[in-house]
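In what follows, a structure is listed as structure tokens, so that the remarks can point back to it.
Keep in mind that what you see is a predicted model, and the values were worked out from it rather than measured.
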Amino acid sequence: MGWAQWPAGRSVDLAIGAGEMVGLIGPNGAGKTTLLRLMARLLAPTGGALWLDGAALATLSQRAVARHVAVVAQAAPADFAFAAGDVVRMGRHPHRGRFEGESAEDEAIARAAMTMTDTATLAGRPITELSAGERQRVSLARALAQAPRLLLLDEPTANLDPRHQIKGLECIRRLVRETRMAAVAALHDLELASRYCARLVLMDFGAVVADGPPVEVLTPERLRTVYGVVAHVVPNAATGGLSITVLEAVEEEATTS
């Protein structure tokens, strides 16, 4: 794949399979958000190609892409005072004809998405009156209402309290298993990433540094080289992920990769 506004000489060759929940990790500026935007066709690659279920993404209409790909951005928009329930129902628009109204199935899917994300009680409230965390959960509900084949999440746990961080990631992991959709989540919390993603893709300066199981990707050596920290990493039997204790930052010159 070639990328718009990507560092010179860097490219990414990455395949995401059905039923995978992939954690996209790396320091600020590594290229995680840009990669997600390219996968959603919100940016155009300057070279190479992106494929979705065997079809070149560039050949699909934006509406066709929206039937298969849903995006949860870092900051959920709150520009208009739509009711939260209406925002979630907007996720069904790509599946309806131009002059087709909302069906009972659309309503059922939207309600199920709100239940899964603990947003049913927010349905009648204007999105502009919700907290950042509540808007984030509504944004996730809207994305789930799209019933996507590929779910792209940019910092989905941002602004969420620990309870809703866990509930949101549990919900996504369960849907990945049950529906065989694929999910790619850019995450800064490495312990949560190791707990919920069987596969991690570590990026730095627009390139994939490592791709594999958390225990193979999140080594002390890579944390030192990519993140610039000295860290103690051990398996966490309670969560099934890793416990990562950052001990200190290393000198700037030691962090180049």
Less than 4.5 Å apart, any side-chain heavy atom of E248 and any of V229? no
Here the salt bridge (charged side-chain N to carboxylate O under 4.0 Å, His left out) pairs for residues 172-191, sequence neighbours left out, are E170-R173
For A237, the side chain to side chain contact (heavy atoms under 4.5 Å, CB included) test, sequence neighbours excluded, returns none
Quick one: does any side-chain atom of T119 pair with a main-chain N or O of M114 as donor and acceptor, under 3.5 Å? yes
Here the pair of heavy atoms bringing L160 nearest to Q165 is O-NE2, 3.2 Å
Residues L223 and A231: closest non-hydrogen pair is CD1-CB, 3.7 Å
Worksheet item: Does L42 share a hydrophobic cluster with M203, counting links as ILVMFWY side-chain heavy atoms below 4.5 Å and allowing steps through other members?
Response: no
For V72, the hydrophobic cluster (side chain heavy atoms closer than 4.5 Å, chained through members) also holds M21, M116, L140, L144, L151, L153, I166, L169, I172, L175, V176, M181, L192, Y196
T219 meets the side chain to side chain contact (heavy atoms under 4.5 Å, CB included) criterion, sequence neighbours left out, with E221, R222
Please answer whether the main-chain N or O of R135 pairs with a side-chain N or O of S139 as donor and acceptor at a distance below 3.5 Å.
no
Any non-hydrogen side-chain atom of D211 less than 4.5 Å from a side-chain atom of L202? no
Here the gap from L52 atom CG to L57 atom CG, rounded to the nearest 0.5 Å, amounts to 6.0 Å
Here the salt bridge (charged side-chain N to carboxylate O under 4.0 Å, His left out) pairs for residues 151-163, sequence neighbours left out, are D118-R163
Here the salt bridge (charged side-chain N to carboxylate O under 4.0 Å, His left out) pairs for residues 226-245, sequence neighbours left out, are none
Please lay out, stage by stage, how V217 and I25 fare under the test side-chain contact (heavy atoms from CB on, under 4.5 Å). CA-CA 10 Å; V217 172; I25 59 174; 4.2 Å; yes
Determine whether V22 and L14 fall in the same hydrophobic cluster, where Ile, Leu, Val, Met, Phe, Trp and Tyr are linked whenever their side-chain heavy atoms lie under 4.5 Å apart. yes
Hits for side chain to side chain donor-acceptor pair (under 3.5 Å) against R41, two or more places apart or cross-chain, chain-then-number order -> Q62
(request) Please examine the side chains of D204 and P27, heavy atoms only from C-beta on, and report whether any two atoms are closer than 4.5 Å. (result) yes
### Query
Got more than 12 heavy atoms from elsewhere within 6.0 Å of CZ, R125?
yes
Residue set satisfying side chain to side chain donor-acceptor pair (under 3.5 Å) with H93, at least two apart, ordered chain then number -> R96
Residues at least two apart in sequence or cross-chain that pass side chain to side chain donor-acceptor pair (under 3.5 Å) with R142, listed by chain then number, are Q146
query: Do the side chain of S131 and the main chain of E134 share a donor and acceptor less than 3.5 angstrom apart?
result: yes
Practice problem: Evaluate the side-chain proximity of V69 to R149: yes if any heavy-atom separation is below 4.5 Å, no if none is. | Solution: no
A182 and G17 have their tightest heavy-atom pair at CB-O, 3.4 Å
Taken to the nearest 0.5 Å, the spacing of N236 CG from S194 OG works out to 8.0 Å
With sequence neighbours left out, the residues meeting side chain to side chain donor-acceptor pair (under 3.5 Å) with S103 are D106
Value for CG (L187) from SG (C197), rounded to nearest 0.5 Å, stands at 5.5 Å
Practice task
Kindly indicate, with the supporting measurements, whether the criterion side-chain contact (heavy atoms from CB on, under 4.5 Å) is fulfilled by L150 and V184.
Solution key: CA-CA 8 Å; L150 175 62; V184 181; 4.2 Å; yes
Across all chains, not counting sequence neighbours, the side chain to side chain contact (heavy atoms under 4.5 Å, CB included) partners of A64 are L60, S61, R67
When every non-hydrogen atom of A141 is compared with those of T117, the smallest separation belongs to CB-OG1, 3.3 Å
Heavy atoms of P126 and A81 approach each other most closely as CB-O, 4.1 Å
Rounding to 0.5 Å, atoms CG (L200) and CG (L218) come to a distance of 5.5 Å
Side-chain heavy atoms nearer than 4.5 Å, only ILVMFWY residues, links allowed to pass through others: does that put L130 and F80 together?
yes
NZ of K32 to NE2 of H188, rounded to nearest 0.5 Å, is 4.0 Å
Rounded to the nearest 0.5 Å, the CD atom of E102 sits from the CZ atom of R92 at a distance of 9.5 Å
ask   = Does some side-chain heavy atom of L50 sit less than 4.5 Å from a side-chain heavy atom of L38?
value = yes
Applied to residues 14-29, the salt bridge (charged side-chain N to carboxylate O under 4.0 Å, His left out) test, sequence neighbours excluded, yields E20-R199
For A143 and P148 the tightest heavy-atom approach is O-CD, 3.5 Å
Original post:
Can you check side-chain contact (heavy atoms from CB on, under 4.5 Å) on T59 and W51, steps first, answer last?
Top reply: CA-CA 10 Å; T59 66; W51 298 81; over 6 Å; no
Using the rule that Ile, Leu, Val, Met, Phe, Trp and Tyr join whenever any side-chain heavy atoms are under 4.5 Å apart, tell me whether I109 and V88 fall into a single cluster. no
